[in-house]
Amino acid sequence: MTTVAASTRKESPLTRILTLELARVTERAAVAAARLRGRGDEFAADQAAVDAMRKELNALPIDGTVVIGEGERDEAPMLFIGEKVGASGGPALDIALDPLEGTTIAAKNLPNSIAVIALAEKGSLLAAPDVYMDKVAIGPGFDPGLVTLDMPPAERLKALAKARGVSVSQITACVLDRPRHAKMIDEIREAGAAISLIGDGDVAGVIHVTDPETSGIDIYMGIGGAPEGVLAAAALRCIGGQMQGRLVIHSDTQRERAIKMGVSDLDRIYEATELAGGDVLFSATGVTDGNLLSGVRFSHRAVSTHTLVMRSSSGTVRWIRAEHQDLQKFVDAIDNDP
């Protein structure tokens, strides 16, 4: 048996223990937001999730830097881009996060709002500017380059259907319900595929393709947020899915913003490994009920959460249904966040 000396083996700074601790981060953010779901106050729900996530991140044994966060420091007093989080002395990591993905969804108590975060080795996550990104994503098990951004929608659907050995009529595409997608929606329907329109939350939309049998979603396509694209790519990296993304720039201000953040080639098509490289940890907890994750449940004795945790280096996918006993103590811990 051949052995590799510890001194020559490239060890990932991410550990199994950290994988499980990450679930706690999204669980707490989801619970904090869920206490305000359906109340019509997007800001309050988002702020509650941010506060809870920041508190849990600062308890982790990491030296983390937020590269995808709530925005610039002047716009986001907590979890802003460039903010340092974590306990001292831990490994240096990049962090992409959205404490409440789908704020409008949560405020209206509609499906598929989640708390989501990804960790990766320093320098591994693209510092995507806050602009749009055109995306196409499918799950694992297909030849590389099966679907691309340069293909028309109908051609993507035909290629995917052929690879699955089914007709296009058995394919369902997930698309954000926006006027900018009207032409693409018509083309998808003309090709014979079904469409699952979502009002918000395109990270959750992309994650749906990781488990088509459960979610009913085979492919995601359309224009959404670029920061959300990095989070979605992190999830796909963990299960071997495919994704391409290309920035959509509408103004000189956006162009300058992208260049300032280190993106020089604005026409580049990014693969999932370029958006989120190296060893990646990913965690998402349901805030409201969705296709893949159940929302937070409150009862007289416990808080129940449903979380998806994944790691790219091992390909491990964990579904965690947790009951947090002593509801009052759990909620008080969030309310008393200093």
Side-chain angles (χ1 to χ4, degrees), residues 16-39 42 44-60 79 85 95-119 200-201 203-208 210-211 214-215 231-232 234-235 238-239 281-311 316-337:
R16 186 176 302 172
I17 294 174
L18 190 56
T19 302
L20 298 176
E21 287 292 329
L22 199 60
R24 182 181 179 90
V25 174
T26 54
E27 284 171 351
R28 292 303 173 102
V31 170
R35 292 169 58 245
L36 295 168
R37 64 190 171 196
R39 304 194 183 205
E42 298 178 17
D46 186 55
Q47 188 62 59
V50 169
D51 292 346
M53 181 171 282
R54 186 170 186 261
K55 178 179 179 180
E56 292 302 324
L57 278 173
N58 281 327
L60 292 183
L79 295 178
V85 295
I95 302 175
L97 54 84
D98 194 341
L100 182 58
E101 208 248 344
T103 53
T104 301
I105 290 173
K108 295 180 178 180
N109 203 12
L110 296 173
N112 292 318
S113 181
I114 59 176
V116 60
I117 191 169
L119 303 185
D200 203 353
V203 174
V206 174
I207 295 174
H208 288 156
T210 65
D211 189 0
T214 301
S215 69
L231 278 161
C238 294
I239 49 85
L281 294 182
F282 177 91
S283 179
T285 301
V287 176
T288 60
D289 286 339
N291 299 61
L292 283 178
L293 292 167
S294 301
V296 176
R297 297 281 190 275
F298 296 99
S299 72
H300 66 282
R301 63 181 181 85
V303 178
S304 299
T305 55
H306 190 199
T307 301
L308 168 62
V309 187
M310 303 186 286
R311 184 177 182 183
T316 303
V317 178
R318 290 182 172 90
W319 297 90
I320 303 174
R321 289 189 178 273
E323 274 201 2
H324 309 270
Q325 301 294 332
D326 193 353
L327 171 60
Q328 196 58 53
K329 181 178 180 181
F330 186 72
V331 172
D332 286 348
I334 299 171
D335 290 339
N336 296 329
D337 184 10

Are the side chains of Arg321 and Ser294 in touch, meaning some heavy atoms are under 4.5 Å apart? yes

Side chain of Arg297, backbone of Gly295: donor and acceptor closer than 3.5 Å? yes

Rounded at 0.5 Å granularity, tell me how far CG in Leu308 sits from CD1 in Ile207. 6.5 Å

Taking side chain as C-beta onward, heavy atoms only, is Thr19 less than 4.5 Å from Leu22? no

OG1-CG distance between Thr307 and Leu20, expressed to the nearest 0.5 angstrom: 11.0 Å

Interatomic distance, Thr103 atom OG1 to Asp200 atom CG [nearest 0.5 angstrom]: 6.0 Å

From CA spacing to verdict: side chain to side chain contact (heavy atoms under 4.5 Å, CB included), Val317, Cys238: CA-CA 8 Å; Val317 178; Cys238 294; 5.9 Å; no

Return the minimal non-hydrogen interatomic distance between Ile105 and Pro111, and the atom names on each side. CG2-O, 3.2 Å

Side-chain contact, heavy-atom cut-off 4.5 Å: Glu101 with Leu231? no

Might you point out which heavy atoms bring Ala32 and Ala48 nearest each other, and give the distance in Å? CB-O, 3.4 Å

Tell me, do Val25 and Ser283 make a side-chain contact under 4.5 Å, heavy atoms counted? no

Minimum heavy-atom separation for Ser215 to Asn291, with atom names? O-ND2, 3.3 Å

Thr26 and Thr305: CA distance, side-chain angles, deciding distance, side chain to side chain contact (heavy atoms under 4.5 Å, CB included) verdict: CA-CA 10 Å; Thr26 54; Thr305 55; over 6 Å; no

Main chain of Val287, side chain of Arg37: is a donor-acceptor contact present, judged purely on distance under 3.5 Å? yes

With a 4.5 Å limit on heavy-atom distance, are the side chains of Thr214 and Trp319 in contact? no

Donor-acceptor pair, side chain of Glu323 and main chain of Ala302, under 3.5 angstrom: no

Rounded to the nearest 0.5 Å, what separates atom CG in Asp46 from atom CG in Asp98? 7.0 Å

Please evaluate residues Thr285 and Leu293 with respect to the criterion side chain to side chain contact (heavy atoms under 4.5 Å, CB included), reporting the C-alpha separation (whole Å), side-chain torsions for both, the decisive distance (0.1 Å), and the verdict. CA-CA 7 Å; Thr285 301; Leu293 292 167; 5.8 Å; no

Between CD1 of Ile239 and CE of Met310, what distance do you get to the nearest 0.5 Å? 6.5 Å

Minimal non-hydrogen separation, Ala115 against Ala29, with atom names: CB-CB, 3.9 Å

Closest non-hydrogen atom pair between Gly286 and Ile114, with its separation: CA-CG2, 4.2 Å

Give the minimum heavy-atom separation between Ala23 and Val309, together with the two atoms involved. CB-CG2, 3.7 Å

Student check: side-chain heavy atoms of Met53 and Glu56 closer than 4.5 Å: no

Check: Thr288 side chain, Asn112 main-chain N or O, donor-acceptor pair, under 3.5 Å: yes

In Å and rounded to the nearest 0.5 Å, what is the OG1 to CZ distance from Thr316 to Arg311? 8.0 Å

